[in-house]
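Take a look at the structure below.
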Protein chains: 2
Amino acid sequence: MTRSGKAAQRSAGAAPTAAQEEGNRRAELVRAAGRLFREKGYEATTIRDIAHAVGMRSGSPFYHFKSKQEMLKAVMLQGLEQVRRALEDAAAGKRSPRERLRAMVRAHLSTILEPGADFVPVLLYEWRALPDEMRADIIAVKDRYEAIWDAMLRELKQAGLLRRDDTVTRLFVLGALNWVVQWYRPGERYSVEEIAGRAVEFILSQSGEAR
Amino acid sequence: MTRSGKAAQRSAGAAPTAAQEEGNRRAELVRAAGRLFREKGYEATTIRDIAHAVGMRSGSPFYHFKSKQEMLKAVMLQGLEQVRRALEDAAAGKRSPRERLRAMVRAHLSTILEPGADFVPVLLYEWRALPDEMRADIIAVKDRYEAIWDAMLRELKQAGLLRRDDTVTRLFVLGALNWVVQWYRPGERYSVEEIAGRAVEFILSQSGEAR
DNA sequence: CCTACCGATCGGTAGG
DNA sequence: CCTACCGATCGGTAGG
C-alpha cells in the first residue's frame with residue numbers, strides 16, 4: 001500500500017532504474033529509522049540498528065544521508081506529509097461539519113495509532129533532537145497542517161457546535177488526540193474508530209443526536 | 001521554598017548531621033538530573049553532565065545512585081509525589097465542583113509549567129527509558145494520582161457539568177493538559193492561570209456563568 | 001567523594 | 001554499498 005505509489009512510477013513490468021532502486025533503499029532506511037526512533041527513541045537508536053534493519057552494514061546509511069539528524073528530519077517530513085494528506089482527504093468529503101470533524105479525527109488518530117504508523121509519533125516526541133536549522137523546513141509544513149484544523153474549528157463554531165475556535169482550543173484538541181499514543185494499545189478494549197467517536201463527543205460542546 | 005521543609009527537620013541553628021548532608025547531596029543530584037533530563041532528554045544527558053551541575057566529578061554520583069536508571073526513577077517518583085500532593089491540596093478546599101476542577105487543573109499545570117518544575121515532564125516523556133522492573137513502583141503511585149481525577153470527574157458528571165466520567169474521558173482531559181508543556185512558553189501571551197481557565201471551559205460541556 | 005581507568009560503543013569517514 | 005578504522009565519549013568500577 002505504501003509502495004503502490006512508488007511502483008506506479010515505473011512502466012509496468014520494466015526493471016527499475018538505478019535512480020529508482022536508490023530511492024527505494026532510501027525509503028527503506030526512512031521506514032526502518034521511523035520504526036526504531038519510535039520504539040527506542042532517537043538517541044537510543046544507533047545508525048547500526050537502522051542499517052542492520054535493512055540489511056546494510058554500519059557505514060552504508062551515510063551513502064544516503066549525511067548524518068543521523070538528516071535521517072530524523074526525513075522521518076519527520078514524511079510524517080507531516082502523511083498526516084496532512086490524510087487530513088486533507090478526510091476534510092475534502094462533502095459532509096456536515098460534525099461528520100467532517102469525525103473524519104478528520106479518525107484520520108489523525110489512524111496516522112498516529114495504526115501499526116506501522118511511526119512517522120508522526122516521532123515527529124511529536126523527538127523535536128528536542130532536531131537541530132534548530134532543520135526545524136524551519138518542518139515548521140512550514142506543520143503550519144499548513146494546523147491551518148486545516150483551524151478552518152474546521154471555525155466552521156464548527158459557526159455551526160454552534162463549539163464555544164471557541166482560537167489557537168488555544170486547537171492546542172487542547174490536538175493535545176487530547178496526540179496523547180492517545182501514550183495509552184492506546186492495538187486490539188485492547190477500544191478501537192481507533194471508537195476512540196475517534198468519543199473524541200468528537202468530548203470536543204464538541206453540544207452533543208446533538210447520534211450521527 | 002523547596003528547601004524550607006528540609007531545613008525544618010533540624011533544630012534551628014544546629015549543624016546538619018552527616019546523614020542530612022548526604023540526603024541534601026542526593027536531593028541536589030535529583031534536582032539537577034530532573035532539569036537536564038527535561039532539557040536534553042534522558043539518553044542525551046550524561047552522568048558527567050549531572051555530576052558537574054552539582055560540582056561533583058564524573059564518578060561520584062554512583063556513590064548516591066547505583067545507576068543512571070536509578071536516577072531517572074528517583075526523578076519520576078519525586079514528580080509523581082509532587083503532582084499528587086499538589087492535586088490533593090487543590091481538591092481538599094471546600095469549593096463547588098467547578099471551582100475544585102479549576103484548582104486541580106491549575107495545580108496540575110503549575111507542576112508541569114512553572115520554572116523549575118522538571119520532574120513531571122520527565123515522568124511524562126521518558127517512560128521508554130525506564131526498565132520494566134522499575135515501572136511497577138511508579139505505577140502504584142500513578143494509580144493514586146489518577147484516582148483523584150476519576151473522583152473529580154464523577155462529581156462533575158453528577159453535577160451535570162460533564163457528559164461522561166469514564167477512563168477515556170480522563171485520558172482526553174489529561175492529554176489536553178499534559179500537551180501544554182509542548183507549546184507553553186513562560187511569559188508569552190498566556191499565563192498558567194489563563195490557560196487553566198480556558199482548559200476548564202474546554203473540558204466542561206456546560207459553560208455556565210463566569211466564575 | 002576523588003583519581004584513574006576500562007571496555008564498549010557510537011557517529012562518521014576514507015578508500016575502494 | 002562494504003571494509004576497516006578513528007577519535008570521542010559513555011556508564012560504571014576499584015581503590016583509596
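What's counted below: heavy atoms across the whole structure, side chains too, no hydrogens, waters or symmetry copies. Throughout, a chain's letter reflects where its sequence line sits, starting with A, and its residues are numbered from 1.
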What residue among A:Arg84, A:Arg85, A:Gln78 forms side-chain hydrogen bond (donor to acceptor under 3.5 Å, both in side chains) with A:Glu81?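 For A:Glu81, the side-chain hydrogen bond (donor to acceptor under 3.5 Å, both in side chains) check succeeds only for A:Arg84.
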
Identify which nucleotide among [options] has an atom closest to any side-chain atom of [X], counting heavy atoms from C-beta outward.
X: A:Tyr63; options: C:dG11, D:dC1, D:dG11; answer: D:dC1
X: B:His64; options: D:dT3, D:dG11, C:dC1; answer: C:dC1
X: B:Phe62; options: C:dC5, C:dG11, D:dT13; answer: D:dT13
X: B:Ser58; options: D:dC2, D:dG12, C:dG11; answer: D:dG12
X: B:Met56; options: D:dG11, C:dT13, C:dC2; answer: C:dC2

Please confirm whether the shortest side-chain N or O distance from B:Arg25 to OP1 or OP2 of C:dC1 is below 4.0 Å.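 For C:dC1, OP1/OP2 do have a side-chain N/O of B:Arg25 under 4.0 Å.
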
Please report the C-alpha distance between B:Glu126 and B:Lys73 in whole Å, then the side-chain angles of each, then the deciding distance to 0.1 Å, and finally whether the salt bridge (charged side-chain N to carboxylate O under 4.0 Å, His left out) criterion is met. CA-CA 10 Å; B:Glu126 298 290 353; B:Lys73 182 182 160 185; over 6 Å; no

Complementary nucleotide of D:dC1, counting Watson-Crick and G-U pairs under 3.5 Å: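 Result: C:dG16.
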
Is there a Watson-Crick or G-U wobble partner for C:dC10 with both distances under 3.5 Å, and which nucleotide is it?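 The answer is D:dG7, by the H-bond criterion.
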
Take the protein atom [atom1] of [X] and the nucleotide atom [atom2] of [N], then report the distance between them rounded to whole Å.
X: A:Arg57; N: C:dG16; atom1: CZ; atom2: C1'; answer: 16 Å
X: B:Glu43; N: C:dC10; atom1: CD; atom2: P; answer: 11 Å
X: B:Ile47; N: C:dC6; atom1: CD1; atom2: C1'; answer: 16 Å
X: A:Arg48; N: C:dG11; atom1: CZ; atom2: C1'; answer: 7 Å
X: B:Leu36; N: D:dC10; atom1: CG; atom2: P; answer: 12 Å
X: A:His52; N: C:dG11; atom1: NE2; atom2: C1'; answer: 14 Å
X: A:Arg26; N: D:dC1; atom1: CZ; atom2: P; answer: 13 Å
X: B:Ile50; N: C:dC1; atom1: CD1; atom2: P; answer: 14 Å

Check whether B:Gln182 reaches the backbone of B:Trp179 with its side chain - one donor and one acceptor, N or O, closer than 3.5 Å.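 No; zero donor-acceptor contacts below 3.5 Å.
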
Kindly give the heavy-atom pair with the smallest separation between A:Val54 and A:Glu28, and that separation in Å.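 Looks like CG1-O, 3.6 Å.
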
With a 4.0 Å cut-off, would you call B:Glu193 and B:Arg102 a salt bridge?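 A salt bridge links B:Glu193 with B:Arg102.
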
Touch class at under 4.0 angstrom, heavy-atom based, for B:Ser60 against every strand present: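 Counting heavy atoms under 4.0 Å across all strands, the contact made by B:Ser60 includes a base.
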
